[in-house]
Amino acid sequence: METILFLSPTEAGSPLSKNALEALATAKQLAEALGATFSVGLWGDAPNADAIASCGAAKFYAVTGAEFAQPRYATDAAAAEALARAAGATMIIGPSGSRWNRISAGVAHRLGGRADGHVTGLSVSDGAPKIARWYYRQRMEGILSRIQRPWVLAVESGIAPAWQGAPGTAAVEAVACTPTGVRSKVSGIESQAADQQTIRPDAELLFVTGAGWTKKQPDGQVKIAEAEKLILGFLRIARASLGSTKSLVDLSGEGQSTLPFLTHMNQVGQTGSTPRHAKGLSTCCHGEEPHTVGWRFIGERRAISLDANCGWARGKADVLYVADAFAVMEKVNALLAQKTGA
Ligand SMILES: Cc1cc2nc3c(=O)[nH]c(=O)nc-3n(C[C@H](O)[C@H](O)[C@H](O)COP(=O)(O)OP(=O)(O)OC[C@H]3O[C@@H](n4cnc5c(N)ncnc54)[C@H](O)[C@@H]3O)c2cc1C
């Protein structure tokens, strides 16, 4: 019989991330489908399982210590290994993210198991657990199983609703762990200010900008400053994630006037990313196949384009507004500001 272990690092004073709660829900569902034992393992300087006490886990395990607070391979991998051994886990499920993705293969190796990343679904057939993964730039979905155990999985965000339930008091079993070979010391974290960070995987909405924002408009003018103001203004109020077409992010390389906050990290499509958001709004973009293939996992799709015959119009968007995105977004921003008081 399988023993399923949900594993996650914790950060002092913070609840588990949405991504971790989604992975927890996925692990719990799999355990129920298999009739398997289900446990939870956490590590950090003060891991607390009270918020997820009612998740149905038979046991909660924790590795605790100041050294486990820092995101670092040696301590994260040692903690995960110790927790997996304590739980006798045959399947270990963690949330995709820099900490778990960095250690999952190493943890599988230490345990003599196998690892798979980018897992987008778990199911059971013929009594055996199966995982879903996408291949060939999200064009083909593969369903696979493995006979080796433990099987260590990194589960993508956005594939299941986050676990929700009443907090309580979890009886946590302490697991001893003495990491070796700790050479790295985290001296601080440098990151963009929250408002400058435009890629937000947890956002409800993906807002995509196309090259049209930088093109001559019907009045013969290029309006880069206005475009920047409208796009950043919308992102600030809507907290949307910013995607872009390839044409737009390529412009800077061609020496043309462009939007400075866009990089190739924002690019969505065949040679870009394939994000997951409940909704998407495309602006000033033609909706060509190499771009829209990156919208595979976007729920409701809308687009604003001047071209009534663009790719979006040919079945790629649920709603196409044939309109000037400058005018539409100005009005949208004004309405949002009115509504939110921002
Ligand atoms: C091998 C390969 C891989 C590729 N990979 C990718 C990829 O990963 N991602 C990607 O995005 N592309 C990719 N492309 C490029 C893709 O085919 C398109 O060229 C690109 O997506 C077009 O970008 P765009 O729609 O922003 O620009 P354009 O085609 O120039 O379209 C601009 C649009 O803006 C509209 N517009 C202008 N002004 C306004 C306004 N005021 N209001 C409303 N609409 C307005 C215009 O009507 C037009 O439809 C790839 C191409 C190849 C060959």
Side-chain angles (χ1 to χ4, degrees), residues 2-28 30-31 37-53 55 57-117 119 148-157 163 170-189:
E2 302 282 1
T3 299
I4 315 282
L5 176 67
F6 161 75
L7 270 191
S8 178
T10 60
E11 280 170 30
S14 308
L16 284 179
S17 66
K18 180 167 167 275
N19 188 3
L21 292 172
E22 290 168 0
L24 172 66
T26 309
K28 177 181 161 65
L30 179 71
T37 313
F38 170 49
S39 308
V40 165
L42 303 175
W43 72 92
D45 61 348
N48 187 332
D50 286 352
I52 54 168
C55 71
K59 280 197 146 187
F60 293 88
Y61 300 91
V63 166
T64 304
E67 67 272 39
F68 298 105
Q70 297 192 324
R72 170 178 45 208
Y73 184 88
T75 41
D76 282 348
E81 180 191 359
L83 289 162
R85 289 192 191 282
T90 58
M91 291 192 69
I92 301 163
I93 296 174
S96 280
S98 58
R99 287 181 83 170
W100 183 245
N101 287 349
R102 181 168 48 194
I103 61 166
S104 58
V107 171
H109 181 71
R110 290 175 185 203
L111 297 168
R114 296 288 188 277
D116 281 289
V119 175
Q148 297 90 352
R149 295 290 185 271
W151 195 7
V152 180
L153 304 174
V155 172
E156 288 288 289
S157 68
W163 180 84
V172 179
E173 186 174 311
V175 174
C177 176
T178 312
T180 53
V182 181
R183 293 188 301 266
S184 312
K185 189 167 171 233
V186 181
S187 54
I189 293 177

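Here the structure is a predicted model, which is why all the values come from computation and not from measurement.
Side-chain contact check for Val119 versus Ile93: every heavy-atom pair is 4.5 Å or farther apart. A heavy-atom distance below 4.5 Å is found between the side chains of Glu22 and Ser157. Residues Leu24 and Phe38 have side chains in contact (heavy-atom distance under 4.5 Å, counting atoms from C-beta outward). Within the 4.5 Å cutoff, side-chain heavy atoms of Ile52 are placed close to those of Leu21.
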Report task. With side-chain contact (heavy atoms from CB on, under 4.5 Å) as the test, would you mind laying out the steps for Trp151 and Thr90 before giving the verdict? Result -> CA-CA 6 Å; Trp151 195 7; Thr90 58; over 6 Å; no
Query raised in the report: Between Val152 and Trp100, does a side-chain contact (heavy atoms from CB on, under 4.5 Å) hold up when you go through it step by step?
Result: CA-CA 10 Å; Val152 180; Trp100 183 245; 3.6 Å; yes
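Looking only at distances, no side-chain donor or acceptor of Ser39 sits under 3.5 Å from a matching main-chain atom of Ala57. For the pair Thr10 (side chain) and Trp43 (backbone), a donor-acceptor distance under 3.5 Å is present. Looking only at distances, a side-chain donor or acceptor of Ser96 sits under 3.5 Å from a matching main-chain atom of Val155.
Residues satisfying the side-chain contact (heavy atoms from CB on, under 4.5 Å) criterion with Ala20, sequence neighbours excluded, are Phe6, Ser8, Leu16, Ser17, Pro95.
Residue pairs meeting the salt bridge (Lys or Arg N to Asp or Glu O under 4.0 Å) criterion with at least one member in residues 68-88, sequence neighbours excluded, are Asp76-Arg99, Glu81-Arg85, Glu81-Arg110.
For the pairing with Phe60, the side-chain contact (heavy atoms from CB on, under 4.5 Å) check across Val172, Asn48, Leu42, Asp50 returns one residue only, Val172.
Nearest heavy atoms, Ala82 versus Val63: CB-CG2, 4.4 Å. The two residues Val40 and Cys55 come nearest to each other via the heavy atoms CG2-SG, 4.0 Å. Of all heavy-atom pairs spanning Ala105 and Ala115, the tightest one is CA-CB, 3.8 Å. A pairwise comparison of heavy atoms in Pro150 and Ile92 identifies CB-CD1, 4.0 Å as the closest pair.
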Going by atom type alone, with no hydrogens or angles, which donor-acceptor pairs under 3.5 Å involve a side-chain atom of residues 178-189 and a protein atom two or more places apart or on another chain?
none

